[in-house]
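Remarks on the structure that follows.
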Amino acid sequence: MEDVLADPTLCRGLLREHGSPVNLHDFSPLARNASELVEAAGSRGLTCRVFVARKANKSLGLVDAAMAAGHGIDVASLRELTQCLDRGVAPDALIVSAAVKSDELLRTALTAGVVVSLDNRDELDDVFRLAEAPAAVALRMAAADPRIPDSRFGQTADAWVAALGSAHGPGQGVEVCGVHFHLNGYSAQERAVALREACSLVDRLRELGHRVSFIDMGGGVPMSYLRSGSQWRQFWHALDADSDGRLTWRGDRLGLVDPDSERPSPALYPYWQEIVRGEWLGSILDDELDGRTVAAELVERGLELRCEPGRSVLDGCGMTLASVAFTKTSRDGEPLVGLHMNRTQLRSTSADVLLDPRLVRDPDADTPRQVDDAFLVGAYCIEEELLLRRRLSFPQGVSRNDTVAFLNTGGYLMHILESASHQLPLARNLVHTGEGWRLDDIDAG
Ligand SMILES: *Cc1c(COP(=O)(O)O)cnc(C)c1O
């Protein structure tokens, strides 16, 4: 990212050639990120297989990078699945975790021999109807423990055991090979609880004759966008003290609850987290109950641990560049910097992106306009079309054709909510190769 930012001519050239915004990818950090998880499990005597959640980034370069590093892919739709199969991903390196599954998706997965994670009894019935041979499935477990928040996904262990019943025994349509769950949030403690509960569901399934070989603990592996916790806490304290509403667009509180809490706003991704990836997984596996660790529970049952990280393995893999279209002052005196970009191109389900962008001054640009601070606005004809809801400062000034770079956007931020409203085209995706930048195959036709 720093190499790109140090080359304003490159930034300008990429935007001229591919339009604004443009998403840049270099998936080389993925192997390092994922290996933290494999090593945390390995050092505790466990095999951990990583299935990268493809919904976090649609580029096919991600699929290639995961395959090259020996990892699998978690797919959430028919097209995500067929693109991976066409790309040469081995069926046993895929899992279908789609929240809603069409017959075509199920048929494609069953024919190829890809494990499907079933969410509910209707899907179990669908598999019975469609499978020509006993189908290997995972069951998505909704944890029943009250320490884990309610979720719309999966069914409780009791509900699954009842649904399987005697008619749904092994060899008669489905072979349950795994128990799957995915929890909202990033709590290590909740995952330790859910893993224990999944172990006891495995025991019940094995009593019914199923050869369960893995527990898939889903994603939600934390990462940190900021280098230090003080950056994070300082921001929340400043916002708390900002009684004039200067720091944010029209005084938006960004869901501020308590600036001293680890996670000041439930509406926002925690852009700084103390324990991430390998260390976080280690803390789950070391969690002890009655003198027994979670790792010991898994090892004793001979279970493989699987996980489906999205965002945290994409840490360092992507950035988004956009051109400055205009600078102006609104009627109420707010300086605005307009970008050739819309807010769905830098957005997750979080209320705002709390990461500072970088300004790359164009070498051929006019003398910059001096603005002390400004808000970034985008292309959708909506009043609230703010690219970021924080006021930004521009110490070197800013002018048309400068580049604004949004850092570390590879996990969700560039893709998960992008839309082509107003008939504006979606951003192109480029992947870095030894020779330079090429169009990712997701955009190549
Ligand atoms: C979204 C999702 C993931 C990935 O979550 P991250 O927070 O990106 O790690 C994994 N599994 C399932 C089932 C999901 O829905």
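Atoms within each ligand, like the ligands themselves, are counted from 1 in listed order. When reading the values below, keep in mind they use all heavy atoms of this one structure, side chains included, and skip hydrogens, waters and symmetry mates.
Listed by atom number, the atoms of ligand 1 under 4.0 Å from Gly310 heavy atoms are 4 (C), 6 (P), 8 (O), 9 (O). Distances below 4.0 Å separate heavy atoms of Pro309 from the following atoms of ligand 1: 9 (O). Listed by atom number, the atoms of ligand 1 under 4.0 Å from Gly219 heavy atoms are 5 (O), 9 (O), 10 (C), 11 (N). Close approach of ligand 1 to Arg140 (heavy-atom distance below 4.0 Å) involves ligand atoms 13 (C). Interface atoms of ligand 1 facing Asp74, defined by a heavy-atom separation under 4.0 Å, are 10 (C), 11 (N), 12 (C).
Side chains of Asn429 and Asp443: a donor-acceptor N/O pair is present below 3.5 angstrom, by distance only. Side-chain contact of Arg311 with Tyr225: a donor-acceptor pair under 3.5 Å is present, judged by distance alone. Counted by atom type alone, Ser117 and His180 present one or more donor-acceptor pairs between their side chains at under 3.5 Å.
Ion pairing between Asp440 and Lys58 fails under the 4.0 Å rule for side-chain N and carboxylate O. Ion pairing of Asp260 with Arg233 is absent here, as no side-chain N (NZ or NE/NH1/NH2) approaches a carboxylate O to less than 4.0 Å.
Ligand 1 has no nitrogen or oxygen under 3.5 angstrom from a nitrogen or oxygen of Gly218. No N or O atom of Tyr186 sits closer than 3.5 Å to an N or O atom of ligand 1.
Contacts between Met223 and ligand 1, counted as non-hydrogen atom pairs separated by less than 4.0 Å, are absent for every part of the residue. Contact annotation for Glu308 and ligand 1: heavy atoms of both the backbone and the side chain come within less than 4.0 Å of the ligand.
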Could you check Tyr269 against Tyr186 for ring pair (Phe, Tyr, Trp, His ring centres under 6.0 Å), going step by step and ending with a plain yes or no? CA-CA 10 Å; Tyr269 185 81; Tyr186 311 93; 5.2 Å; yes

Applying ring pair (Phe, Tyr, Trp, His ring centres under 6.0 Å) to His422 and Tyr380, what does each step give before you reach the verdict? CA-CA 7 Å; His422 306 15; Tyr380 282 180; 4.7 Å; yes

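Atom-to-atom distance recorded for Met67:CE and Ile73:CD1 is 7.5 Å, nearest 0.5 angstrom.
Judged by the shortest distance from any of its heavy atoms, Ala56 lies outside the 4.0 Å radius around the atoms of ligand 1.
Scanning the protein heavy atoms around atom 1 (C) of ligand 1, the nearest turns out to be Lys55 NZ, 1.3 Å. Protein heavy atom closest to atom 9 (O) of ligand 1, with residue, atom name and distance, is Gly220 N, 2.8 Å. Looking at atom 8 (O) of ligand 1, its nearest protein heavy atom turns out to be Tyr412 OH, 2.5 Å.
In this structure, Glu274 places its CD atom where only 12 or fewer heavy-atom neighbours from other residues, nucleotides or ligands lie under 6.0 Å away.
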